[in-house]
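Reckoned from all heavy atoms, side chains included, excluding hydrogens, waters and symmetry mates.
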Amino acid sequence: QLVESGGGLVQPGGSLRLSCAASAVTDAANCMAWFRQAPGKEREGIARIYRNFARSADNPYYADSVKGRFTISRDNTGGMLYLQMNSLRPDDTGIYYCAKARPGYACSLQPAAFGSWGQGTQVTVS
């Protein structure tokens, strides 16, 4: 089970930090990601992170829409996922979801590659 927190209302140019907690170690995965869905739009992958647990190395990747403004990270255990969002804009408004990749799928930003989702947290930039 994945549980997001940290959403809220922020002015343009402001910052928010989202958190996603896996309820059990087995709920973490090598590949985890953040998605968002704006009203009337499809769910969009914005950042994903692949962890090589053997090497304790993370490989992040971002959609062009958030590159340079958002940072995805994980804690040492891998059970917590974060999204630091800076320089927020009104078009960043939406429901933000964390997700865990399906076993055997490539670590991408495609929603079909992810099989477990949190309930979402609302981010409003206005």
Practice problem: Take E4 and Q119 through the side-chain contact (heavy atoms from CB on, under 4.5 Å) test and state the conclusion after the steps. | Solution: CA-CA 7 Å; E4 303 96 337; Q119 83 289 349; 2.9 Å; yes
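- In this structure, the side chains of P12 and R89 stay at 4.5 Å or more apart for every pair of heavy atoms.
- Both L83 and I49 are part of a single hydrophobic cluster, where members link through side-chain heavy atoms under 4.5 Å apart.
- Looking at every heavy atom in both residues, R43 comes nearest to P111 through O-CG, 4.1 Å.
- Checked by atom type and distance alone, the side chain of T93 never pairs as donor or acceptor with a backbone atom of T124 at under 3.5 Å.
- The minimum heavy-atom distance linking S15 with N86 is given by the pair OG-OD1, 2.9 Å.
- Residue M32 holds its CE atom at 5.5 Å from SG of C98, rounded to the nearest 0.5 Å.
- Every pair passing side chain to side chain donor-acceptor pair (under 3.5 Å) that includes a residue from residues 58-70 is listed here, sequence neighbours excluded: E44-S65, R51-D58, D64-K67, R69-D92.
- Paired with V123 under the rule side-chain contact (heavy atoms from CB on, under 4.5 Å), one option of L18, I95, L9 passes, and it is L18.
- Atoms CZ and CZ, on R48 and F35 in that order, are 11.0 Å from each other to the nearest 0.5 Å.
- Distance alone, capped at 3.5 Å, is enough to place a donor-acceptor pair between the R102 side chain and the A112 backbone.
- Between F70 and I46 there is a side-chain heavy-atom pair separated by less than 4.5 Å.
- Here R74 contributes atom CZ and M80 contributes atom CE; the two are 11.0 Å apart, rounded to the nearest 0.5 Å.
- With rounding to the nearest 0.5 angstrom, the CZ atom of R36 is 12.0 Å from the CD atom of Q122.
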Practice problem: Show the numbers, then the answer: is there a side-chain contact (heavy atoms from CB on, under 4.5 Å) between D75 and Y82? | Solution: CA-CA 8 Å; D75 72 342; Y82 304 101; 4.2 Å; yes
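- The two atoms that bring C31 and Y50 nearest to each other are CB-CD1, 4.2 Å, heavy atoms only.
- Counting heavy atoms from C-beta on, the side chains of V125 and Q11 never come closer than 4.5 Å.
- When the side-chain contact (heavy atoms from CB on, under 4.5 Å) test is applied to S116, the partners found at least two apart in sequence or on another chain are L2, K100.
- Note: Y105 and F114 fail the aromatic proximity criterion, with ring centroids not under 6.0 Å apart.
- Hydrophobic clustering, with ILVMFWY side chains joined whenever heavy atoms are under 4.5 angstrom apart, keeps Y97 apart from V66.
- The shortest heavy-atom contact between W34 and I72 is CD1-CD1, 3.6 Å.
- Contact check for M85 versus Y96: side-chain heavy atoms found under the 4.5 Å cut-off.
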